[in-house]
Amino acid sequence: MTDTSEDLRRRVRELVAEWDFTPRCDSWASGYDTDFSQELGRRGLLAVTWPKEFGGAEGTNVDRFAVSEELLRAGAPVAAHWVGERQIGPSLLRHGTRELQEEFCPELARAKYRFALGMSEPDAGSDLAAARTRAVRDREGWRVTGRKIWTSGAHRATHLYLLARTSSEEDKHAGLTEFIVSTDSPGITVSPILDLRGEHHFNEVVLEDVHVPGHWVIGEVGAGWQQVVGQLSFERGGPERFLSTYPLLTAVIRAGLADHTGLRELRALAGRLQILRRWALENARAMDAGHTPVTQAAMSKYLGNKFEMDVIEWARPLMPRADRNIHALYDQAVATSPASGIRGGAAQVMLSVIAKGHK
Amino acid sequence: MSTTEEFDPALDEAVREVVTHLPRPRAGKDLTRTDAFRAQWNTAVELGWTGILDDADFTDPGSPESRELLDAACGAVTALARAGFALPLRQTLVARYATAEALPADAIAVHPTAYGVWEPAATALVAADGTVSMPVDGGTADEVDLAGRPYRLMYEMGEGGDEAGEALPRRVADVAELLLLQEILGAAEGAVAEARRYVTERVQFGSPLIKIPAVRTIAGELTVSLRQLDTAVHEARRRFRAGDEHSLHFALITAREVASAVSTEVTRAAHQLHGAMGITEEASLHWRTKLLWADRDEGVFSRDRGLDALPADEVELWTLTTPARAGT
């Protein structure tokens, strides 16, 4: 870690200590507090890698990793800014026009704009290249028609990131384009998909002939697949892939609930946590070096999810002696566990990516 | 990203080159009773591998000299294991480091950190205090472990277990544990490489096995397992160089835990992928997997090993799992 990273960690810890919130598992996906996200922006703790002219601090991905780790460690409510800051801003900075960067990045850096990801579609699952949502040019820009599913936070987002087909090619990876769509555009219907606890995080988004301004295309028309693959490193390789259940793990440790067997199992969990933190750091370093660590990020995602599941199994027999706060964390972890194995790509897909990457 | 990036590439290459010409013994034998063993050991001695740590002084483990020597020792041990050769190199390196006395160049030296492995074949015994004695035939029944290495049963050695380990100089015990981890890593790398080669070359149902989704899934899992082990071992080496005992102790304990789990996963999966050919003497996979099994179980006397190194609170957990800084 650099001194800058250490300073960022200290500043995050200060804010977390000041803010009134209840730590929760899966806080990056379901801990929504717009005020908290905007306070992070005010204190210069969002968009730390971005150019100063776009609201950033021109830091490194390692710096951003430090901020993310500390936030997740605390179980802080970060869902409002997570997707926009994690991957939309970086994607705009890498592929977007200057006009798009000026329009969106400063607002994302202050958490004024909040994004949801319109990638997955019905019948397509993890196969993003099978997208059937279509975008057709017209005189004023584009008209988009299609359906997106599992769109977390779309009901609260100001904008959607959208992957849509702009031409039909034999290769399904060709002819895809990335768009920004305003969620208050006519023709958009956001319908809740309640999760198994009855909570509203996911949505189905139907787009019927939705107008998209011509300049709200990210990067090259038809090059969406190549661009989105770069995003996956941000999406899969970060600490949120293994720290979702960290608040549960540490609450059990703090309460001294681990019995002898629990301590033995903790030895293995601690070893894997150490590995996962190293991998996430290496992913950040690789991105700082200009690489797109797709395979490495898939490994982080795969092992990270296994770790999160094992934390739940570790805590399970210790629950009879736990207080209601720990029970709440346990219930959150269990209830979100099916989703955590799927979002960002299912385990079998990750293994296939890994196997291909190590021929 | 491989650990070998930190080794002297010339040494690594030399080991690879040499071992391709070494004869293999018959499977299932006490290795020391084969002609191949003597040829292998003589080669290791002639090339200077056994004396790498003779002048090592790890009082400043972060110094360039210390780093170079440790990297060389780790490189030689890992490369040998990767090729599936079980030699008393690791144990001799530790024993020679642990004593100030000069030993013959070709000595097979054993220290208490070896937990009795190779002791029946030893020509020099280095005690915990560094004094050297020549072995006396005590008439005890020698055993041969899965890797074909002769060993002395711990209960016949009078004392054993972690209690004996506690009396050892900390630095010697750390070096011994690190080299054991490197050997496990090398054997795991070799096993995975063999399995991957097999499923890529072997054609069944009209195409290479790797084209079968289930096989690809196992290949992916093997890659993740190996990478975990590589990272854990690498982290322990970084912390050795950084010199913080508590942090190193935690890294060694958890790396050993990871190594045990990965050894089991790799041996199971590699043999599963290799099919029936892998369990014949003719295949080269078993040299790696037998070494993995033997190393995995070496010196593990209690399920509670290392529990004292576990963090007591969140801050300590966070601190101990924080990656060592770059440059260490």
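Bear in mind that the values here come from a model prediction, so they are computed numbers and not experimental data. Naming convention: chains lettered A, B, ... in sequence-line order (proteins, then strands); numbering from 1 in each chain.
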Novice: Given the options Leu269(A), Ile275(A), Leu276(A), Thr250(A), which has more heavy-atom pairs under 4.5 Å with chain B than any of the others?
Specialist: Ile275(A)

Novice: Side chain, backbone, both or neither: which part of Leu320(B) has a non-hydrogen atom closer than 4.5 Å to chain A?
Specialist: backbone

Novice: With only heavy atoms counted, which part of Val224(B) is less than 4.5 Å from chain A, the side chain, the backbone, both or neither?
Specialist: both

Novice: Is there a donor-acceptor contact under 3.5 Å linking the side chains of Asp174(B) and His249(B)?
Specialist: no

Novice: Contact part of Glu235(B) toward chain A, heavy-atom cut-off under 4.5 Å: side chain, backbone, both or neither?
Specialist: side chain

Novice: Name the member of Asp313(B), Thr217(B), Val258(B) that forms the most heavy-atom pairs with chain A at distances under 4.5 Å.
Specialist: Thr217(B)

Novice: Can you tell which part of Arg267(A) gets under 4.5 Å to a heavy atom of chain B, answering side chain, backbone, both or neither?
Specialist: both

Novice: Indicate whether any N or O donor in one side chain lies under 3.5 Å from an N or O acceptor in the other, for Arg196(B) and Thr223(B).
Specialist: yes

Novice: Taking side chain as everything from C-beta outward and backbone as N, CA, C, O, which of these in Val315(B) sits under 4.5 Å from a heavy atom of chain A? Side chain, backbone, both or neither.
Specialist: both

Novice: Could you work out, with salt bridge (charged side-chain N to carboxylate O under 4.0 Å, His left out) as the rule, every residue matching Asp295(B), not counting sequence neighbours?
Specialist: Arg90(B), Arg149(B)

Novice: Counting only heavy atoms closer than 4.5 Å, note whether Leu249(A) contacts chain B via side chain, backbone, both or neither.
Specialist: side chain

Novice: Assess the pair Trp318(B) and Tyr246(A): is the distance between their ring centroids shorter than 6.0 Å?
Specialist: yes

Novice: With sequence neighbours excluded, tell me which residues meet side-chain contact (heavy atoms from CB on, under 4.5 Å) with Glu265(B).
Specialist: Ser225(B), Ala261(B), Val262(B)

Novice: Going by the angle between their ring planes, with limits at 30° and 60°, are Phe242(A) and Phe307(A) parallel, tilted or perpendicular?
Specialist: perpendicular

